[in-house]
Chemist: 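First the structure, then my questions, so here it is.
Quantities reported herein were computed from a predicted structural model and do not represent experimental measurements. A, B, ... follow the sequence lines: proteins, then strands. Residue 1 opens every chain.
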Protein chains: 2
Amino acid sequence: MTTAPRWLSEQEQRTWRAYLQATTLLEDHLDRQLQRDAGMPHVYYGLLVQLSQAPERRLRMTELARIAKITRSRLSHAVARLERNGWVRREDCPSDRRGQNAVLTDEGYAVLKQTAPGHVATVRQAMFDRLTPEQVGQLGEIMRIMAEGLQPQDTDADLPWLR
Amino acid sequence: MTTAPRWLSEQEQRTWRAYLQATTLLEDHLDRQLQRDAGMPHVYYGLLVQLSQAPERRLRMTELARIAKITRSRLSHAVARLERNGWVRREDCPSDRRGQNAVLTDEGYAVLKQTAPGHVATVRQAMFDRLTPEQVGQLGEIMRIMAEGLQPQDTDADLPWLR
DNA sequence: GCCCACTTCTTGAAGGTTAAACTAGATGGG
DNA sequence: CCCATCTAGTTTAACCTTCAAGAAGTGGGC
């Protein structure tokens, strides 16, 4: 970082500040809503959602971590907690003896079914009810671009001389 | 929540998922970058930035918490840590004996000065270098709308019969 | 002047997250 | 077959966040 930094323009600064405030406030809001209504933080809820949508309601740990964009370590802790709650169960993977499947239990599914409407309502109220369909489209496109740029890269992409 | 839930449309679902992924990945990315280069998480860095921009580089605890969108409790812990680092100092507020000012020290300012370029570069690379100026404008507008809707409301707004 | 309700800020405990180290099993070249 | 190397997942300890409770100060109504 020896070259002169390119500071943010006025518009970029305003956007960045708004981004930080909105994302902080929303994540807090969702955490509070779900902690109150479902007894777990937002990230944990997201794990149950992913499992509920997977074939046979089960996923390999690494795959779940990849989809949810969290580390395997964090997932290990999270699943341990969800298992204590009886909402997820661990199961040996038949094809790879190192592997574990996280399986959504019926109880876990019931919790999800019960709390999903309230959660959707909260998300709507915070985001979709305030934006025009056009803005929803713009936001989606922008977020896809950002997410794509932040995916853990193929190692070789950082080492072009190896390609 | 007794009425039939209005689920998200296809477009809304895609946008929501992209939003979750992008914000999760970006926050992680910034935390890692700042932990590595500045020895503190992103939120703590943001506190130093706010202080650096305040008159006399100091702010009342409550005001700083309000600006940074975090709880006072969290701020207390954070400032305690930053104080141990020598980057912030606490000071009694002259006009209100309950109050404390958080003051950015010269050391704290130096850390900021040293790490700001790298941080801006990271933000640019993750967001602004990937978006058109038009998209930056759209994102800013959308985030302002969301943040506004999530501000802790004036109590009376929830109690119209008291107005 | 005296209450009482409110604000400011801190604390402690419980729970969540991170980074690094570790166990166990898979994999592929020689 | 053997071994180095890689991958899957867990664990530990340090750190961070949250919630509830509490100490201390303020200020309006009487």
Chemist: Between R74(A) and T71(A), does a side-chain contact (heavy atoms from CB on, under 4.5 Å) hold up when you go through it step by step?
Modeler: CA-CA 5 Å; R74(A) 187 175 179 181; T71(A) 62; 3.3 Å; yes
Chemist: Is it the case that one hydrophobic cluster holds both L20(B) and L25(A), taking links as side-chain heavy atoms less than 4.5 Å apart, direct or via other members?
Modeler: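 Hydrophobic grouping puts L20(B) with L25(A).
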Chemist: Between W7(A) and E12(A), does the side-chain contact (heavy atoms from CB on, under 4.5 Å) criterion hold? Intermediate values first, please.
Modeler: CA-CA 9 Å; W7(A) 301 110; E12(A) 287 168 339; over 6 Å; no
Chemist: How would you give the extent of chain B contacts on DNA chain C, as first and last nucleotide 5' to 3' within a 4.0 Å heavy-atom cut-off?
Modeler: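 First-to-last contact on DNA chain C, by the 4.0 Å heavy-atom rule, is dT7(C) to dA19(C).
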Chemist: Pairs in or reaching into residues 57-110 of chain A: which pass ring-ring contact (aromatic ring centres under 6.0 Å, His included), with residues at least two apart or in two chains?
Modeler: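 As it turns out, there is no ring-ring contact (aromatic ring centres under 6.0 Å, His included) pair with a partner in residues 57-110 of chain A once direct neighbours are skipped.
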Chemist: Suppose we screen for side-chain hydrogen bond (donor to acceptor under 3.5 Å, both in side chains). Which residues come up paired with R58(B), at least two apart in sequence or across chains?
Modeler: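 Only E91(B) meet the side-chain hydrogen bond (donor to acceptor under 3.5 Å, both in side chains) criterion with R58(B).
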Chemist: For N85(A), enumerate each residue passing the side-chain hydrogen bond (donor to acceptor under 3.5 Å, both in side chains) test, keeping only those at least two apart in sequence or located in another chain.
Modeler: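 Partners of N85(A) by the side-chain hydrogen bond (donor to acceptor under 3.5 Å, both in side chains) criterion come out as none, since no residue qualifies.
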Chemist: So does R97(A) have more than 12 non-hydrogen atoms from other groups sitting under 6.0 Å from CZ?
Modeler: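 For R97(A), atom CZ is not crowded (no more than 12 foreign heavy atoms under 6.0 Å).
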Chemist: Please assess R90(B) against N101(B) for the test side-chain contact (heavy atoms from CB on, under 4.5 Å), listing each intermediate value before the final yes or no.
Modeler: CA-CA 6 Å; R90(B) 274 182 236 244; N101(B) 279 318; over 6 Å; no
Chemist: Would you list the atom pairs, donor with acceptor, under 3.5 Å between side chains in residues 112-119 of chain A and any protein atom, with sequence neighbours excluded?
Modeler:
from, atom 1, to, atom 2, distance (Å)
T115(A), OG1, V111(A), O, 2.8
H119(A), ND1, Q33(A), OE1, 3.2

Chemist: Please test I145(B) against Q135(A) for side-chain contact (heavy atoms from CB on, under 4.5 Å), starting from the C-alpha separation and ending with a verdict.
Modeler: CA-CA 11 Å; I145(B) 291 171; Q135(A) 286 176 316; 3.7 Å; yes
Chemist: So, using salt bridge (Lys or Arg N to Asp or Glu O under 4.0 Å) as the criterion, who are the partners of R6(B) when residues are at least two apart?
Modeler: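 So R6(B) forms a salt bridge (Lys or Arg N to Asp or Glu O under 4.0 Å) with D129(A).
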Chemist: From the 5' end of DNA chain D to its 3' end, which nucleotides mark the outer limits of contact with chain A, defined by a 4.0 Å heavy-atom distance cut-off (strictly under)?
Modeler: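 Taking any atom under 4.0 Å from a heavy atom of chain A, the span is dT7(D) to dC19(D).
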Chemist: Of all of residues 21-41 of chain A, which get a heavy atom below 4.0 angstrom from DNA chain C, listed by number?
Modeler: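 Residues of residues 21-41 of chain A that come under 4.0 Å of DNA chain C do not exist, since none gets that close.
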Chemist: Is it true that M146(A) and M146(B) fall in one hydrophobic cluster, defined by side-chain heavy atoms closer than 4.5 Å?
Modeler: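 Looking at the clustering, M146(B) is in the same group as M146(A).
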Chemist: Taking only heavy atoms on the protein side, list every residue of residues 65-85 of chain A lying under 4.0 Å from any atom of DNA chain D, sorted numerically.
Modeler: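 By residue number: R72(A), S73(A), S76(A), H77(A).
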Chemist: Among residues 54-64 of chain A, which residues get a heavy atom nearer than 4.0 Å to DNA chain D?
Modeler: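 Contacting residues: R60(A), M61(A), T62(A).
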Chemist: Same hydrophobic cluster for L26(A) and I67(B), using side-chain heavy-atom links shorter than 4.5 Å among ILVMFWY?
Modeler: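 No: no chain of side-chain contacts under 4.5 Å links L26(A) to I67(B).
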Chemist: R60(B): which residues meet the side-chain hydrogen bond (donor to acceptor under 3.5 Å, both in side chains) condition with it, sequence neighbours left out?
Modeler: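 Applying side-chain hydrogen bond (donor to acceptor under 3.5 Å, both in side chains) to R60(B) gives none.
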Chemist: Closer to the 5' end of DNA chain D via nearest nucleotide, is it D96(A) or R98(B)?
Modeler: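 Upstream on the strand: D96(A).
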Chemist: Enumerate donor-acceptor pairs with a distance under 3.5 Å from any side-chain N or O in residues 40-56 of chain A to protein atoms, sequence neighbours excluded.
Modeler:
from, atom 1, to, atom 2, distance (Å)
H42(A), ND1, E27(A), OE1, 3.2
H42(A), ND1, E27(A), OE2, 3.3
S52(A), OG, V49(A), O, 2.7
Q53(A), OE1, R17(B), NH2, 3.3

